[in-house]
Amino acid sequence: MSTESMQERQYKACAPAARQAMQQTVQRLREFVAGSEGMSVVFAEPLEAEAVAQLERKYGLALPPSYVHFLRTHGAFVVQYGGNELIGMTDPAHLHAAAPDPDDAVDGDDDEVAEAISEALFFQNVDDFAVENFWCFNPRDRRDDGELCVVAYYHDEAFALAESSGEWFRDFGAHIVDVVDDFVATYA
């Protein structure tokens, strides 16, 4: 009988195609940065199963399998150029701390907007770090495989979390591949 932990099952739950795509994406990112003068990429230490369990207790929900796989395999990362962060991931211990202040959000005085901001897990800036635009997980929109939908928060648009994004659902695995590909295309 297997005594495999929930975190180990979740780690393995990430689809093989998503694991392979993320591995290839990390390799593309490393190669691109290595060939770009003045640019550097730093990966944090990959997380252990217990660290993932602590994060899930902290946030009160199971993190999406593709995100867990990425953190357990590679760790969060940041790419810098000239001391400025160009692309990266929020430290997983600070997903709520990265959230914008509802008072600064469009319609932030609306209870539904403030509640959506407090529920979402903000894991990555969208673009310019001087502007509060983020990618976040929508805890209200989870597929049967455990993946949470990745949604955008833009400082100049009203924010809401849908119960279901249907065909527009994008998980972390697809998201990180797209973001890194866009980054490489932009800075090539």
Side-chain angles (χ1 to χ4, degrees), residues 6-7 10 13-14 18 22 43-44 47 51-72 74-80 84-183 186:
M6 173 66 118
Q7 287 72 34
Q10 185 181 22
C14 180
M22 289 187 291
F43 280 83
L47 298 181
V52 172
Q54 288 174 349
L55 290 171
E56 291 179 337
R57 285 190 298 273
K58 176 180 180 173
Y59 299 124
L61 66 118
L63 295 171
S66 58
Y67 180 66
V68 169
H69 182 82
F70 194 93
L71 292 175
R72 298 250 352 250
H74 308 288
F77 73 93
V78 64
V79 175
Q80 293 186 329
N84 295 313
E85 186 172 323
L86 299 177
I87 183 177
M89 296 169 61
T90 301
D91 179 328
H94 303 322
L95 299 180
H96 279 310
D101 183 338
D103 292 337
D104 296 334
V106 172
D107 296 332
D109 57 346
D110 180 327
D111 289 343
E112 289 182 29
V113 172
E115 183 178 332
I117 289 172
S118 73
E119 283 182 43
L121 299 177
F122 294 80
F123 67 87
Q124 187 175 41
N125 286 73
V126 170
D127 47 24
D128 184 347
F129 289 89
V131 178
E132 290 190 327
N133 294 332
F134 300 95
W135 291 110
C136 55
F137 293 118
N138 177 357
R140 299 178 187 176
D141 191 2
R142 184 182 295 273
R143 283 193 317 222
D144 290 342
D145 64 1
E147 292 293 344
L148 292 174
C149 186
V150 172
V151 296
Y153 168 91
Y154 292 104
H155 74 283
D156 57 353
E157 296 178 11
F159 183 65
L161 295 175
E163 296 295 326
S164 174
S165 55
E167 67 184 62
W168 301 106
F169 190 100
R170 181 164 87 156
D171 65 29
F172 177 81
H175 165 80
I176 203 67
V177 169
D178 289 347
V179 166
V180 169
D181 286 349
D182 288 347
F183 171 78
T186 299

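For reference, positions follow the sequence shown, starting with 1. Keep in mind that the numbers below use all heavy atoms, side chains included, and drop hydrogens, waters and symmetry copies.
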Is [X] reaching over with its side chain to a backbone N or O of [Y], donor-acceptor style, under 3.5 angstrom?
X      : Y      : answer
Glu147 : Ser66  : yes
Tyr59  : Ala93  : yes
Gln124 : Gly88  : yes
Arg143 : Asp171 : no

Between [X] and [Y], which heavy-atom pair has the shortest distance, and what is it?
X      : Y      : value
Ala76  : Thr90  : CB-O, 4.3 Å
Leu55  : Pro92  : CD2-O, 3.3 Å
Leu63  : Glu56  : N-OE2, 2.8 Å
Leu148 : Pro139 : CD2-CA, 3.9 Å
Asn125 : Trp135 : O-CD1, 3.9 Å
Ala116 : Leu161 : O-CD1, 3.5 Å

Side-chain touch [X]/[Y], heavy atoms, less than 4.5 angstrom:
X     : Y      : value
His96 : Leu121 : yes
Pro65 : Asp145 : no
Phe77 : Ile87  : yes
Pro64 : Val150 : no

ask   = Are Ser165 and Asp141 linked by a side-chain donor-acceptor pair shorter than 3.5 Å?
value =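 A donor-acceptor contact under 3.5 Å links the two side chains.
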
Starting at [atom1] of [X], measure out to [atom2] of [Y] and round the result to the nearest 0.5 Å.
X      : Y      : atom1 : atom2 : answer
Tyr154 : Asn133 : OH    : CG    : 6.5 Å
Arg170 : Asp178 : CZ    : CG    : 5.0 Å
Met89  : Leu71  : CE    : CG    : 5.0 Å

Under 30°, 30 to 60°, or over 60°: which ring-plane class applies to [X] and [Y], parallel, tilted or perpendicular?
X      : Y      : answer
Phe172 : Phe137 : tilted
Phe159 : Tyr153 : perpendicular
His74  : Phe43  : tilted

Residues 101-115, side-chain donor-acceptor partners within the protein, below 3.5 Å, at least two apart:
{"from": "Asp101", "atom 1": "OD1", "to": "Asp103", "atom 2": "N", "distance (Å)": "2.8"}
{"from": "Asp110", "atom 1": "OD1", "to": "Glu112", "atom 2": "N", "distance (Å)": "2.7"}

key: is_close_aromatic(Phe70, His175), centroid dist under 6.0 Å   =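 Not close enough - the centres of the two rings lie 6.0 Å or further apart.
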
